[in-house]
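One structure follows; several queries about it will come next.
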Amino acid sequence: MSASNESGGAETPAKSPRFIDDLKRTHRCGDLREGDIGKEVVLFGWVQSRRDHGDLIFIDLRDRDGLTQIVFDPNVSDEAHTLAEATRGEWVLGISGRVRARGEQWSKKEQKMVSAVNPKLPTGMIEVVVNQATVFNRAETPPFEVTDQLDTREEIRLQYRYIDLRRTPLQRTLRLRHEINRVTRNYLSDQGCLELETPFLVKYTPGGARNFLVPARLAPGKVYALAESPQLYKQLFMVSGFDRYFQIVKCFRDEDLRLDRQPEFTQIDVELSFVNQDDVFKVMEGLVFAVMKQALGIDLHELFPSGRFPQLPFAESMAKYGNDKPDLRFDLPHVDLTDTVIELDGGGVPFWQELVAKFKNGTFRRDIPPEIVKALVVPASANLSRPQAEELEKGLRDIKGFKGLARAKIADDGSWVQSPLSKNITPEARARINEACGAKPGDFIFFQFGKTDVVHTVMARLRVDVAKKMGLIPEYGHGGKWKFLWVVNPPLFEFDEDTGKWAAAHHAFTRPVDEHIEYLESDPARVLCYRYDLVLNGFEIGGGSIRLHDPEVQKKVFATLGLDEAQARDKFGFLLDALRSGAPPHGGIAIGMDRLVMLLSGAPTLRDVIPFPKTNQGTDQMTGAPVAVDASQLAEVHLRPVVPVAPGGNKDDQGY
RNA sequence: GGGGUGGUAGUUAAGUCGGUUAUAACGCCGGCCUGUCACGCCGGAGGCCGCGGGUUCGAGUCCCGUCCACCCCGCCA
């Protein structure tokens, strides 16, 4: 079978050298170039494709670095040629042979000399003519082809993930991920950060993301939680004096999945002592610059000559873009018309008049309005048709609280057409709004009014949808643009309408902006904090805060949250103790590694940057996890099933 | 928990108003071929139409249920 001695066994002394034992790999399949012509080489790899011409057989041999054409010529080695005849796709081969130029060859079909060079392959100038070969392993026909362009259902790709991972796009993405890991380790180490590990099995903490629970066999009836993040522990490292820390670490959250959310994901986690917000930014900007340069070859200095990313106050981000992760690859800012509408006394529009009344009678406060009016102008140059405008509105209908999008097309005389507002709006109000929006004839204005958060959500999505429709950004992917920015200083608290209480918008250990400490008790809504998100092209890729290390301020924050000393101790005991034991001022950040790789690689989903991802239902298509276990295994960890469980197995065992 | 899209050969898809033997491409198998690289030519095999039930003389097609995958809302930084 084998042209080498692979099947020969030990009884007959090997005549020709054995692959791996004697014949070591000399090159990878992407290595060989014209300069290697004449060399004797040994290649190992998988059969990408085979072209059998009766006498000559061509095989493209693949490994993670590329393809090399190998040629089996019966005049060179009859044995190797016989082996190649039987060879099929995805078999694993070892070959030795001589590198030669492809040059020009006589084509029988065309009856003339033709170039045998393949300009599509980096190795396309050469080929290896095989004089010895072995089959390390055969392969069953794969369920789908190992090609770059593949439209096989993801369900099947995930089931045979080890085959999918052979494909170049995924190989390239995971290699990029490796590079980002390496750059991160080197850079943060150089910044004086120590890579320290934190536990995965931690204490359950209520609030925030749902924890995965792990039953504790040694403590009947009790559970561990899988860590949502190393948050508490990294702060303890600061308390302990490690000063600067980083970790590339898995985090676990038992929430519903999305395109960009997996139950286990990776963070680049950083915490620094004796720093302010800007110090954290500088360290992370350096990291991003290094990653972009070393992993992607992109010099961000061309886009950000100062080496710094712009900083956008949270309030401004909400006002102009409707969310805290604006995509700055295009402009299309929102126009907040609330003040204008109030000054116009509603401008004749009944809905607006109702709104204005609430401001006038003191129901609503002006500085933090519970309801607002916003507009977005789509310029005439976008050539938006009426059906397209309606389509845009349809795309927003699934937003909870969405009540419809009013719109107006600006006629040549400045009047509004195609608009439900046109019959009520006063000419004066119309002119003022046109002016405020900078709207010109032919432009569309979209309006949304009502609850502030709904208006923001609707208009934020509209802004992105319009940009896609106008071709300002691609459906997915970076489009060659890298708009990094910091969104800074959001409110410390948010009011929970359900409980009627103030809650920490991020967590209770975020440091308030110094100038706002006086409002902690009197006007919590005004208090901003040292919290920040790193945003790229409309995605939040990281976030963090400067931590609250002052026990006096901490006490006031707890008071606003409605926690007295005892309750706070009960909830955060050991951390409070630690912070009172001599805690340095500190702060940190965590970058979502998976999202970062997704955005940098242009991958359409997070699943494409994780080697073994879960499906939307949180299952592993390949292994079938999670599976049922039998009652005795549950009993061992002191659990009794409340749903029917198959004796000894999962549903594939047909135990139901 | 809710809404949407999809599931037909190994893969991707077509399948009309419910009607005879369910098509095609790629892949696979066999044969031929000394310059291919999306090789070419000839031939062939391959189907629980996701699963279960119903309507009907007759269901891939209509109805009900269910499973799986994907996208979104809720949820989640």
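Here is the naming used below: chain letters follow the sequence lines, and residue numbers restart at 1 for every chain. Keep in mind that this is a model prediction, so the values were computed, not measured. Side-chain atoms are counted along with the backbone in the values below, which use heavy atoms only and exclude waters and symmetry mates.
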Expressed as a whole number of Å, how far does the C1' atom of B:G18 sit from that of B:A13?
-> 22 Å
Assign each of A:Thr619 and A:Ala209 the nucleotide of RNA chain B bearing its closest heavy atom; nearer the 5' end lies the nucleotide of A:Thr619
Could you check whether A:Val71 gets within reach of a base, just the sugar-phosphate, or nothing at all, counting any heavy atom under 4.0 Å?
-> nothing
Describe the nucleic acid contact of A:Arg100 in one word from base, sugar-phosphate, nothing, applying a heavy-atom distance below 4.0 Å.
-> base
Taking atom types as modelled, find out whether A:Gln111 and A:Trp106 have a side-chain donor-acceptor pair closer than 3.5 angstrom.
-> no
Per the side-chain hydrogen bond (donor to acceptor under 3.5 Å, both in side chains) rule, which among A:Gln262, A:Arg177, A:Gln267 passes with A:Asp594?
-> A:Arg177
Please list, chain by chain and in numerical order, all residues satisfying salt bridge (charged side-chain N to carboxylate O under 4.0 Å, His left out) with A:Lys250, sequence neighbours excluded.
-> A:Glu264
B:C39 to B:G46 separation - C1' atoms, rounded to the nearest Å | 25 Å
Who pairs with B:A24 - Watson-Crick or G-U, where each distance is under 3.5 Å = B:U12
Within less than 4.0 Å of OP1 or OP2 of B:A69, is there a side-chain N or O belonging to A:Thr615?
-> yes
All N/O pairs under 3.5 Å across the protein-nucleotides 28-31 of chain B interface:
from, atom 1, to, atom 2, distance (Å)
B:C29, OP1, A:Arg88, NE, 3.0
B:G30, OP2, A:Arg88, NH2, 3.0

With the side chain defined as heavy atoms from C-beta on, A:His53 is closest, among B:C70, B:G35, B:A77, to B:G35
Mind checking A:Asp151 for me? I need base, sugar-phosphate or nothing, with any heavy atom below 4.0 Å counting as a touch.
-> sugar-phosphate
Give me the distances for all protein-to-nucleotides 5-10 of chain B N/O pairs that come in under 3.5 Å?
from, atom 1, to, atom 2, distance (Å)
B:G10, O2', A:Pro143, O, 2.7

Atom P, compared across B:U55 and B:G2: separation rounded to whole Å = 29 Å
Taking atom P in both B:U66 and B:G4, what distance in whole Å separates the two?
-> 14 Å
What parts of residues 529-542 of chain A reach RNA chain B, counting only heavy atoms under 4.0 Å away?
-> A:Arg531, A:Glu540
What residues, two or more places apart in sequence or in another chain, satisfy salt bridge (charged side-chain N to carboxylate O under 4.0 Å, His left out) together with A:Arg161?
-> A:Asp164
Among B:C73, B:C70, B:C76, the nucleotide that comes nearest once only the side chain of A:Arg607 is considered = B:C70
Using a heavy-atom cut-off of under 4.0 Å over every strand shown, decide if A:Val76 touches base, sugar-phosphate, or nothing.
-> nothing
At under 4.0 Å between heavy atoms, what does A:Gln69 touch on the DNA or RNA strands: base, sugar-phosphate, or nothing?
-> base
Result for 5'-nearest mapping on RNA chain B, choosing between A:Lys614 and A:Arg261, is A:Lys614
Classify the nucleic acid contact of A:Glu127 as base, sugar-phosphate or nothing, counting any heavy atom under 4.0 Å across all strands shown.
-> base
How about A:Phe309 and A:Phe281: are their ring centroids closer than 6.0 Å?
-> no
Nearest-Å distance once atom P is located in both B:A45 and B:G30 | 15 Å
Expressed in whole Å, how much space separates the P atoms belonging to B:A9 and B:G47?
-> 10 Å
Check the side chains of A:Asp60 and A:Ser49 for a donor-acceptor pair under 3.5 angstrom, ignoring hydrogens and angles.
-> yes
Quick one: list whatever passes salt bridge (charged side-chain N to carboxylate O under 4.0 Å, His left out) with A:Lys374, sequence neighbours left out.
-> none
Pick base, sugar-phosphate or nothing for A:Leu259, based on heavy-atom distances below 4.0 Å to the nucleic acid.
-> sugar-phosphate
B:C57 to B:G50 separation - P atoms, rounded to the nearest Å | 25 Å
Classify the nucleic acid contact of A:Gly208 as base, sugar-phosphate or nothing, counting any heavy atom under 4.0 Å across all strands shown.
-> sugar-phosphate
Report which part of the nucleic acid A:Asp73 touches: base, sugar-phosphate, or nothing (heavy-atom distance under 4.0 Å, all strands).
-> nothing
